[in-house]
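We name chains A, B, ... by the order of the sequence lines, and we start the count at 1 in each one.
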Amino acid sequence: MMEQLDACNQLEAARIHKLVARKKGRPGQKDLEKMAQWLDRGQARVTERQAMHKPATFPASLPVSERVDDIREAIEQNQVVIIAGETGSGKTTQIPKICMNSGRGIRGLIGHTQPRRIAARTVAGRIAEELGEQTGGQVGYQVRFTDTTSDQSRVKVMTDGILLSEVQHDRFLDRYDTLIIDEAHERSLNIDFLMGYLRQLLPKRPDLKVIITSATIEVERFSQFFNGAPVIEVSGRTYPVDVRYRSLTGDEDDRDQGWTDGVLRAMEEIEQHERAEKQPPGDVLVFLPGEREIRSLSKVLRHADLRHTEVLPLYSRLSNQEQNRIFQGHRGRRIVLSTNVAETSLTVPGIRYVIDTGVARISRYSVRSKIQRLPIEPVSQASANQRAGRCGRVAPGICFRLYDETDFINRPEYTDPEILRTNLASVILQMTTSGLGDIRHFPFLEPPDRRLINDGYKLLEELGAVDDKRRVTNLGRTMARLPLDPRLARMLVISSEQGSLAETLVIIAGLSVQDPRERPQDKQQAADQAHAPFNDKESDFLTLLNIWNFYEEQRQELSQNQLKKVCQKSFLSWMRMREWRDIHRQLTLICREQKLKLNRDSASYESLHKAILAGLLGQVAVKLEKKEYLATRNRKVMIFPGSKVSKTGPKWIVAAEIVETSRVFARVVAKIEPEWIEPLAGHVVKHHFFEPHWEQKRAQVMGYEKVSLYGLDIIAKRRIPYSKVDPAECRNLFIRRALVEGDYQSRAPFIARNRELLDTVENLERKTRRRDLLVEDEVLVAFYEQRLPADIVSGRHFESWWKQLSADQLRDMELTEADILQRPVDEQADSLYPDYLEWEGVRYPLSYEFEPTSERDGVTLQAPVMALKQLPARRLEWLVPGLLREKCIALVKGLPKALRRNFVPVPDFVDAALENLQASNEPLALQLGEQLRRMTGVRIDADAWPQEDLPKHLRMNLRVVDDAGKPIAEGRETEKLQSE
DNA sequence: TAGGGTTTT
């Protein structure tokens, strides 16, 4: 049976091979029956197709027709052939026919890829026509939403995206016996990916033929990539193009003016040329970088008084109607001002002259800032040549390059392929889920930079599509099933959990198509007015939803023609609305397959925008000033002025896109609440903990937390219990602040005892005005550290811990004097520093302070206001015994020098005097003076003694309190207080 | 205060 497989249809043969492989070469009876069935069917298919085959003919006018035999031979003898030829060579339409004549497309399909949908459709149409058929017979095409291939198809023209998507279920691309990858030089992501994939596939599919066609650039690279595959060059059926370098003069800073002048001069040269050659006015194609430049130049040209000249703008955002004007007949000269859209995607007919500014906006992705940029850059030589070629299609042409030849020569040969300029998240996810292995080992023609790959993985990690080890998650697998940008896929999946899938589907489909709102140059105001009812001031996403709802309501009631009219009136592109609906329908089906739940009730703003936010975590921004926002990764952005949200300027926004053009713009934005972010971004936010501190009230260590999302603070200072963050630090603070410093109410008996002991010693220090009695705090800290288990970090822990201690253990927690005293305490301390002053049976409480800067430094006597008059004012001068000596020394030292020198050394005289002094309600100085006179005979006048200039602590501080014990007056002038 | 061009399970 296996020998007969060669005569069998490719798809059936593959099924048989697979079954045999699965049964390890020993199929059972049932399998054999099945296989025989497949074989019959496969052979019948082949016979059928062979019978149908009519040899195709080749139009003599096409250059490729001269090489038909060479090409066929090359295909028959090689697995891969590179065919290089310029536009007009006929390669796109003729190569599939050559393959057919060579017997390809019998056992399997001839797959033929195009970069664009329109091209796929028209190419299929042309090939079918040349075979005398309509599409859907031997030649069909498949693009998104449309498939015209059938059982009879031998050639299937499709977008490269379709072929790529087929890889997902058909790893060996078994249904094809031949693949033609057209326009490979465009080097789109899809093309690079397909070429890498095919290179891997070739050895596993020896019967598969691959033809790579390209413009005559990069062919050597392609050939090398495919093991030195032969290159066949086909000449183009084009006319010579005279390239003239006309570099700009004037101010380099004013590029617009330079280009305007350059274009006008080129127009003069064209007119001269036509006069000299007696030619009628020919059409001109001008390449400019963008819409703005097109508008400004078109204004100038319209006022330039060029005779019989029509100026048409051309760019992708233009409505179909406006674009189609380039295909309408006209009289006189037409000047088409175009972006790059005319370089590859659209062919402007009848162009005789090209004026090339030599620049274009090229999308570049910055890994560093995660910003997609659209800088205006000089185009590559290949691109410039492609532009020039646009005027040699109907007759010899002239291309004016508004730069000089050296400039051209110094330019890069080719435009960087897309894979080097784009975020790779989507590619990586597709590759990983379809089992293509690691992107780093995939045989790319030009492998992307490691940083770009890492960046792609990081985005996937942010979206939860891969885990931190870069393994695809279940979520990632679901996301990969959705034909969407991974960010949008993420939104979709989460929205079903949020109860907002219905709305999110609409919005995501809307974000996947070009903006359906049209704003024609001459009807901007009318368009704005028509769009006004859709606008939402808080969310551009809701604006999209409003457009959709409007359209759907109309659609259900109106005929297609009426609907078209309504769209036109509302300045909505009917085509794009239809595309939107197609995508919506496709996504709805996949959601159903993936069992994502559609909500019945309409979603709240919050649930909808949380889903959106989940896909756009890296695109959050907070308002700084009026129009300026600070986005994640320290990017300064501005809301795109076209957004209605820019009028209200909410504090926090999320943006579907951040793109740098003339500035960094956030486009398609919505107001969000910052609290929504953290729960969605738990895996990417960073926490910073700071300022741990003891809080007596909560009996635990609290701290603060800063939460940031890619450098943007979404929570600046949140109070949190610190024990989870740093238990060791909490224990440390608990010991220091709660146990040692005593800022804590404990029920533990040893705590009360220890505190009492410490209080006593501290009080003694205050009394004796020394700080060398009590050990350093560190000794106490060490005491508790030794005894406290590591997990005791708060009051709660502490209380339950000590309650289960044994009596011995409890005793061990008690401080002793030995633990806390640095030196022995003076036994007389109590009498030297009494706690009361007793006078005539009244006890006045004394308190002590040792704080020289404090008003209360020294001894304070407290007296009720009622007792004030009876207070022995003179007795207070005697302070307490412990301070009397110091006071006497200060008094003597404060005497005028002439007197003082009689009592040197002062301490000796004072000590001697003190022998005979007894505290009384007599002035201290007087008594002291009397003793000194007795010893020396020197008399001291009362007013010689120092008074107010004694240190504060050597004068009794008197505090007067009311009946309730509340202080009402205080000071050291006892008599003054008494008289008040 | 204004944006190049494509494609899809």
Side-chain angles (χ1 to χ4, degrees), chain A residues 113-120 142-146 158-170 183 186-194 287-296 314-318 338-346 357 359-364 372-377 379 383 415 418 421-422 426-427 429-430 433-434 477-486 488-489 509 512-515 519 524 579 582-583 586-587 589-591 593-594 626-629 637-643 646-647 649 657-668:
Chain A
T113 70
Q114 287 294 317
R116 282 162 290 279
R117 285 194 237 170
I118 297 181
Q142 185 184 348
V143 295
R144 195 176 189 180
F145 310 125
T146 315
M158 65 198 126
T159 51
D160 34 35
I162 292 278
L163 182 59
L164 211 46
S165 72
E166 287 179 358
V167 169
Q168 305 273 328
H169 344 107
D170 185 6
E183 315 279 6
E186 285 193 20
R187 302 293 308 279
S188 66
L189 216 50
N190 285 347
I191 286 169
D192 272 19
F193 198 57
L194 270 178
F287 283 101
L288 290 156
E291 204 177 314
R292 193 187 59 80
E293 291 81 3
I294 288 171
R295 279 212 203 114
S296 93
L314 180 62
Y315 45 88
S316 177
R317 277 240 348 110
L318 224 46
S338 176
T339 60
N340 246 2
V341 72
E343 191 183 303
T344 46
S345 307
L346 266 172
T357 57
V359 292
R361 279 197 188 273
I362 295 178
S363 167
R364 302 241 170 226
Q372 187 206 345
R373 305 177 57 235
L374 273 175
I376 296 177
E377 289 183 8
V379 298
S383 181
T415 312
E418 195 183 359
R421 297 187 277 116
T422 190
S426 179
V427 174
L429 185 61
Q430 298 309 328
T433 51
S434 57
R477 261 178 283 278
T478 310
M479 284 165 60
R481 299 293 298 271
L482 299 159
L484 286 170
D485 175 280
L488 301 183
S512 306
V513 294
Q514 283 186 316
D515 191 340
R519 205 162 173 260
Q524 291 190 353
E579 171 97 1
D582 284 336
I583 294 177
Q586 187 187 29
L587 292 176
L589 289 174
I590 298 170
C591 284
E593 260 171 45
Q594 299 289 315
K626 236 175 154 28
K627 296 281 169 187
E628 200 169 38
Y629 282 78
V637 306
M638 198 181 111
I639 299 180
F640 195 71
S643 164
S646 79
K647 306 281 184 294
E657 291 174 7
I658 293 182
V659 184
E660 181 182 334
T661 52
S662 54
R663 295 188 55 165
V664 183
F665 289 111
R667 249 201 72 202
V668 192

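Within the 4.5 Å cutoff, the side chain of A/S643 has no heavy atoms near those of the A/V668 side chain. A 4.5 Å side-chain heavy-atom check between A/L587 and A/I583 finds at least one atom pair inside the cut-off.
If you measure from atom CD of A/E418 to atom P of B/dG5, you get 14 Å, rounded to the nearest angstrom. One interatomic measurement links the two molecules: CD of A/E166 to P of B/dT8, which rounds to 12 Å at whole-angstrom precision. A straight line from CD of A/Q114 to C1' of B/dT7 spans 13 Å, rounded to a whole angstrom. Per the geometry, CG belonging to A/L346 stands 10 Å off P belonging to B/dG5, to the nearest Å. Summarising the geometry, the separation between CD1 on A/I376 and C1' on B/dA2 is reported as 13 Å, rounded to the nearest angstrom. One can place CZ of A/F145 at 11 Å from P of B/dT7, the figure rounded to the nearest angstrom. Rounded to whole angstrom, the span from the CG atom of A/L164 across to the C1' atom of B/dT9 amounts to 10 Å. Rounded to whole angstrom, the span from the CG atom of A/N190 across to the C1' atom of B/dT7 amounts to 5 Å.
Every residue meeting the side-chain contact (heavy atoms from CB on, under 4.5 Å) condition with A/Q168, not counting sequence neighbours, appears here in chain and number order: A/Q430, A/S434. The ring-ring contact (aromatic ring centres under 6.0 Å, His included) test applied to A/F640 returns A/F665, not counting sequence neighbours. Taking A/R361 as the reference, nothing meets the side-chain hydrogen bond (donor to acceptor under 3.5 Å, both in side chains) condition, with sequence neighbours excluded. Among residues two or more places apart in sequence or in another chain, the side-chain hydrogen bond (donor to acceptor under 3.5 Å, both in side chains) test is passed with A/T422 by none. For the side-chain hydrogen bond (donor to acceptor under 3.5 Å, both in side chains) test, residues two or more places apart in sequence or in another chain that qualify with A/R116 are A/E186.
You'll find that the side chain of A/R519 is closest to B/dA2, out of B/dT9, B/dG4, B/dA2. If you check B/dT1, B/dG4, B/dT8 against the side chain of A/R361, the one that comes closest is B/dG4. Closest contact between the side chain of A/S345 and the listed nucleotides B/dT8, B/dT9, B/dG5 involves B/dG5. Nearest to the side chain of A/H169, among B/dT9, B/dT8, B/dT1, sits B/dT9.
The backbone N or O of A/F287 sits less than 3.5 Å from a side-chain atom of A/T357, completing a donor-acceptor pair.
The closest side-chain donor-acceptor pair between A/E291 and A/T339, if any, does not fall under 3.5 angstrom.
Backbone-only engagement by A/G290 is indicated by non-hydrogen atom pairs under 4.0 Å involving sugar-phosphate atoms exclusively. Heavy atoms of A/R116 sit under 4.0 angstrom from primed sugar atoms or phosphate atoms, though from no base atom. Contact annotation for A/V659: base contact, defined as any heavy-atom pair under 4.0 Å involving a base atom. No engagement by A/E660 is indicated, since no non-hydrogen atom pair under 4.0 Å with the nucleic acid exists. Among the protein residues, A/T344 comes within range of no part of the nucleic acid, since none of its heavy atoms lies under 4.0 Å from any strand. Among the heavy atoms of the strands lying under 4.0 Å from A/F640 is at least one base atom, whether or not backbone atoms are also near. Within 4.0 Å (heavy atoms only), A/L189 reaches no atom of the nucleic acid at all. Contact annotation for A/S363: base contact, defined as any heavy-atom pair under 4.0 Å involving a base atom. As judged by a 4.0 angstrom heavy-atom cut-off over every strand, A/L374 is placed among the base-contacting residues.
At B/dT8, none of the side-chain N or O atoms of A/Q586 fall inside 4.0 Å of OP1 or OP2 (strictly under the cut-off). Between A/T339 and B/dG5 there is a side-chain N or O to OP1 or OP2 distance below 4.0 Å. A sub-4.0 Å separation between OP1 or OP2 of B/dT8 and a side-chain N or O of A/R117 is present. Remark: A/S316 is in phosphate contact with B/dT6, judged by side-chain N or O atoms under 4.0 Å from OP1 or OP2. For the OP1/OP2 pair of B/dT8 and a distance below 4.0 Å, the side-chain nitrogens and oxygens of A/S512 include no atom meeting the criterion.
Taking for each of A/I590 and A/Q514 the nucleotide of DNA chain B with the nearest heavy atom, the 5'-most of the two is the partner of A/Q514. Residue whose closest nucleotide on DNA chain B sits further toward the 5' end, between A/N340 and A/E593: A/N340.
For the strand DNA chain B, secondary-structure stems (runs of at least three Watson-Crick or G-U pairs, all distances below 3.5 Å) are absent.
Remark: the A/Q430 side chain and the B/dT8 base include no donor-acceptor N/O pair separated by less than 3.5 Å.
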